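Okay, structure first, notes after.
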Amino acid sequence: MSFVTSKALLENAMKDGYAVGAFNVENMEMVMAVIRAAEEMNSPAILQTTPSTVKYAGLALYHANVKTAALAAKVPIVLHLDHGSSFELAIQAFHTGYTSIMIDGSKEEFEDNIALSKRVADACHTENIPVEAELGKVGGKEDDLVVKGPAYTDPDDAVRFVKETGIDSLAVAIGTAHGIYKGEPKLDMERLSEIRAVVDIPLVLHGASGVPDEAVKETIRRGISKVNFATELRIAYTGGMKEYLKEDPEVFDPKKYGKRSMEAVTNLVKEKMRLLGSENRA
Ligand code: 13P
């Protein structure tokens with residue numbers, strides 16, 4: 001159907017009490033697999049790339065890939081820069097045609113995070129491209145960045161941050177972490193409700209791989225509108241390939257194991273869309 005921005009998708013999700021999945025993609029097969037899942041579920045989808053992914057193949061290649069597939073798809077598809085690590089990278093993605101941008105100034109001091117996020121929001125809003133920013137610290141290893149010990153988002157800071165930056169969605173730190181969890185993550189649901197009560201833009205949950213389904217659902221009930229999954233997709237993709245290579249160690253045609261990897265990713269993404277309630281919301 002269309003290559004769209006995340007603005008209306010997230011506002012609709014916020015209004016109707018479900019969440020849109022944001023899925024990290026690394027290559028053409030993952031792009032195809034996520035869009036196939038979205039079509040089969042009649043769901044919107046956000047495809048996103050981190051700075052290290054961008055380093056791997058370049059903004060333009062991901063953009064061409066996702067835009068081409070999106071224009072042929074029957075459901076709305078967004079291309080989002082995940083964890084934009086600098087003003088320059090955010091603006092490059094904006095100029096390349098990404099339809100949603102995250103600037104991650106969460107490692108900066110509060111005032112510096114406000115200034116950076118506002119600068120990116122002001123630039124992207126000239127073309128109505130929405131901007132996500134992060135306040136507090138999501139723990140774990142995302143990309144090249146290792147964050148020690150999460151620092152949870154303070155509701156009062158969130159009010160000021162949203163007002164002064166003019167951003168369109170806010171990533172909150174409530175106890176999730178990027179990557180694999182060692183034990184079951186303990187999420188501060190009360191804090192999430194407190195933030196939801198005082199902030200009027202869509203809220204984003206990072207680090208959802210490995211969070212139990214019931215906990216993900218509870219975050220949506222308490223006001224999360226976008227949920228990010230990366231690690232589980234990588235595991236599914238690589239798992240499909242390993243399984244095929246084990247069955248047929250002599251294989252040399254990448255299409256053969258690529259197909260198995262895509263099936264694994266499509267199945268996983270469909271499960272996540274059901275979990276988030278985005279089925280039939282295209
Ligand atoms: P996971 O790798 O834990 O799914 O985190 C994804 C994420 O938040 C990307 O920004």
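All ligand and atom numbering here is 1-based and tracks the order in the structure. Being a predicted model, the structure only gives us computed values, none of them experimental. Nothing fancy with the numbering, it's 1 onward along the sequence. Worth knowing before you read on, the calculation uses all heavy atoms, side chains too, and leaves out hydrogens, waters and symmetry mates.
At a heavy-atom distance under 4.0 Å, only side-chain atoms of N24, from C-beta outward, approach ligand 1. At a heavy-atom cutoff of 4.0 Å, ligand 1 is contacted by both the backbone and the side chain of N228.
Some N or O of G179 is nearer than 3.5 Å to an N or O of ligand 1, by distance alone.
K259 and E29 are not joined by a salt bridge, as no carboxylate oxygen comes within less than 4.0 angstrom of a charged side-chain nitrogen. Using a 4.0 Å cut-off between charged side-chain N and carboxylate O, D213 and K217 make no salt bridge. E263 and R36 are not joined by a salt bridge, as no carboxylate oxygen comes within less than 4.0 angstrom of a charged side-chain nitrogen.
Cation-pi geometry between R191 and Y152 is not met at under 6.0 angstrom from the ring centre and within 45 degrees of the axis.
Close contacts between ligand 1 and H83 involve ligand atoms 10 (O) [criterion: under 4.0 Å to a heavy atom]. Atoms of ligand 1 found under 4.0 Å from any heavy atom of H206 (numbered from 1 in listed order, with element): 8 (O), 10 (O).
Assignment of E232 to the shell around ligand 1 is not supported, since no heavy atom sits closer than 4.0 Å. For A177, the closest heavy-atom approach to ligand 1 falls below 4.0 Å.
Annotation: side chain to side chain contact (heavy atoms under 4.5 Å, CB included) contacts of A69 (sequence neighbours excluded): V31, I35.
Within the 3.5 Å criterion, the main-chain N or O of M241 finds a donor-acceptor partner in the side chain of S261.
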